[in-house]
Amino acid sequence: MNGVVLKRLETALPGVCLIQPKVLLDARGFFLESYHQAKFADLGITDHFVQDNHSRSTRGTLRGLHYQLNRPQAKLCRVVEGEVLDVAVDIRLGSPHFGMWISAVLSAKNHSQIYVPTGFAHGFLVLSESAQFFYKCSDFYNPADERGIVWNDPDLNIAWGIADPLLSEKDRRFKPLAEIPLQFLPRYQ
């Protein structure tokens, strides 16, 4: 494809990848293409995104670890203000990577994006004074289908770097992965 180049950087979890756009800088500021369906398809990301979400959160806010079971959502995430630690956890029953997680810093400065396919729990922690987090979803949000894993699951041992984050009441009530009934976890394909 002609035009702006995107780079796909693999992570330790197959399917989860970082996307680095080419950023054009000049005296006015910068320009980047945050999404281009054909160019993302060239990188192997062929999801049809149907919903965009945008949140603003203060330092120490942790959102996650969320997933939908019957209407799973692949997510393409980026930060447009501030900095976050973004985390994806493989929760697919039968996956050789079940229970493994990766993290990446997404920021307005590095312009990196993370692609999280279906079958993974996702969350992020705000590292800056505030952050605006923007993400595309491959299916619509369905509150009745939302599930989650508790952020501080001792078996996962995610290196969040915080002892007492700001959490929603819903996120506080999530259980560790080992306590989730098997019928409420996605299957590895």
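We number each residue from 1, following the sequence as shown. Computed from a predicted model, the values in this text were never measured in an experiment.
- Val80 and Leu25 fall into different hydrophobic clusters, defined by Ile, Leu, Val, Met, Phe, Trp and Tyr side-chain heavy atoms under 4.5 Å apart, directly or through other members.
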Dump the intermediate steps for side chain to side chain contact (heavy atoms under 4.5 Å, CB included) on Gln132 and Arg56, then the final yes or no. CA-CA 4 Å; Gln132 292 192 49; Arg56 182 182 181 283; 4.0 Å; yes
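- Between Gln113 and Ser34, the side chains place no donor N or O within less than 3.5 Å of an acceptor N or O (distance only, hydrogens not considered).
- Evaluation of the side chain to side chain donor-acceptor pair (under 3.5 Å) rule for Asn157 yields no partner, not counting sequence neighbours.
- Residue pairs meeting the side chain to side chain donor-acceptor pair (under 3.5 Å) criterion with at least one member in residues 133-142, sequence neighbours excluded: Asp52-Lys136, Asn53-Tyr135, Arg71-Asp139, Tyr141-Glu146.
- Proximity of Pro165 to Trp160: side-chain heavy atoms (C-beta onward) are nowhere separated by under 4.5 Å.
- Other residues, nucleotides and ligands contribute more than 12 heavy atoms inside 6.0 Å of the NE2 atom of His54.
- Counted within 6.0 Å of CG on Asp26, heavy atoms from surrounding residues, nucleotides or ligands total more than 12; the atom is thus considered enclosed.
- A continuous path of Ile, Leu, Val, Met, Phe, Trp and Tyr side chains, each step under 4.5 Å between heavy atoms, connects Val150 with Ile162, placing both in one hydrophobic cluster.
- With hydrogens and angles ignored, the 3.5 Å screen pairs a side-chain donor or acceptor of Ser128 with a backbone N or O of Glu83.
- The two atoms that bring Leu69 and Phe184 nearest to each other are CD2-CA, 3.6 Å, heavy atoms only.
- Minimum interatomic distance between Val84 and Ala131 (heavy atoms only, all atoms of both residues): CG1-CB, 3.8 Å.
- Arg147 contributes no side-chain N or O that, together with a main-chain N or O of Gln68, makes up a donor-acceptor pair within less than 3.5 Å.
- A continuous path of hydrophobic side-chain contacts links Val105 to Trp101 [ILVMFWY only; heavy atoms under 4.5 Å].
- In this structure the side chain of Asp90 never reaches within 4.5 angstrom of the side chain of Tyr188, judged on heavy atoms.
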Stepwise side chain to side chain contact (heavy atoms under 4.5 Å, CB included) check, Ile149 with Phe174: CA-CA 5 Å; Ile149 311 294; Phe174 289 143; 5.7 Å; no
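- Of all the heavy atoms in Asp171 and Gly64, the pair that sits closest is OD2-N, 3.1 Å.
- Atoms CD1 and CG, from Ile180 and Leu182 in turn, are 10.0 Å apart once rounded to the nearest 0.5 Å.
- The hydrophobic cluster containing Phe140, built from Ile/Leu/Val/Met/Phe/Trp/Tyr side-chain heavy atoms closer than 4.5 Å, also comprises Val50.
- Taking all atoms of both residues into account, the shortest heavy-atom contact from His97 to Ala12 is CD2-O, 4.1 Å.
- In this structure, Gln189 places its CD atom where only 12 or fewer heavy-atom neighbours from other residues, nucleotides or ligands lie under 6.0 Å away.
- Although no hydrogens or angles enter the test, the distance criterion places a donor-acceptor pair under 3.5 Å between the side chain of Thr11 and the main chain of Val16.
- Within the 4.5 Å cutoff, the side chain of Leu185 has heavy atoms near those of the Tyr67 side chain.
- Here the two rings, on Tyr115 and Phe40, have centers that are 6.0 Å apart or farther.
- A 4.5 Å side-chain heavy-atom check between Lys75 and Ile114 finds every atom pair outside the cut-off.
- Residues Cys77 and Leu106 form a side-chain contact, since some pair of their non-hydrogen atoms from C-beta on lies under 4.5 Å apart.
- Rounding to the nearest 0.5 Å gives a distance of 9.0 Å between CG of Leu6 and CG of Asp42.
- For Lys175, the NZ atom is loosely surrounded, since the number of other residues' heavy atoms within 6.0 Å does not exceed 12.
- By the 4.5 Å heavy-atom criterion applied to side chains, Phe30 and His111 are counted as neighbours.
- In this structure, Leu177 and Phe98 have side chains that are in contact, with non-hydrogen atoms separated by less than 4.5 Å.
- Atom CG of residue Leu156 and atom CE of residue Met100 lie 11.5 Å apart, to the nearest 0.5 angstrom.
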Please lay out, stage by stage, how Arg8 and Ile19 fare under the test side chain to side chain contact (heavy atoms under 4.5 Å, CB included). CA-CA 5 Å; Arg8 177 181 172 134; Ile19 305 295; 4.3 Å; yes
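- Between the CG atom of Asp86 and the OG atom of Ser112 there is a distance of 10.5 Å, given to the nearest 0.5 Å.
- In the hydrophobic cluster analysis, where Ile, Leu, Val, Met, Phe, Trp and Tyr join through side-chain heavy atoms closer than 4.5 angstrom, Leu62 is grouped apart from Phe133.
- One finds the CD atom of Glu81 at 10.5 Å from the OG atom of Ser57 (value rounded to the nearest 0.5 Å).
- Under the 4.5 Å side-chain criterion, counting only non-hydrogen atoms from C-beta, Leu65 is not in contact with Ile91.
- The hydrophobic cluster containing Phe49 also contains Leu43, counting ILVMFWY residues as joined when their side-chain heavy atoms lie under 4.5 angstrom apart, directly or transitively.
- The shortest heavy-atom contact between Leu167 and Arg172 is O-NH2, 3.8 Å.
- Note: Lys7 NZ to Lys22 NZ = 9.5 Å, rounded to the nearest 0.5 Å.
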Worked check of side chain to side chain contact (heavy atoms under 4.5 Å, CB included) between Val89 and Ile158: CA-CA 9 Å; Val89 182; Ile158 297 171; 3.9 Å; yes
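- Nearest heavy atoms, Asp153 versus Ala178: OD2-N, 4.4 Å.
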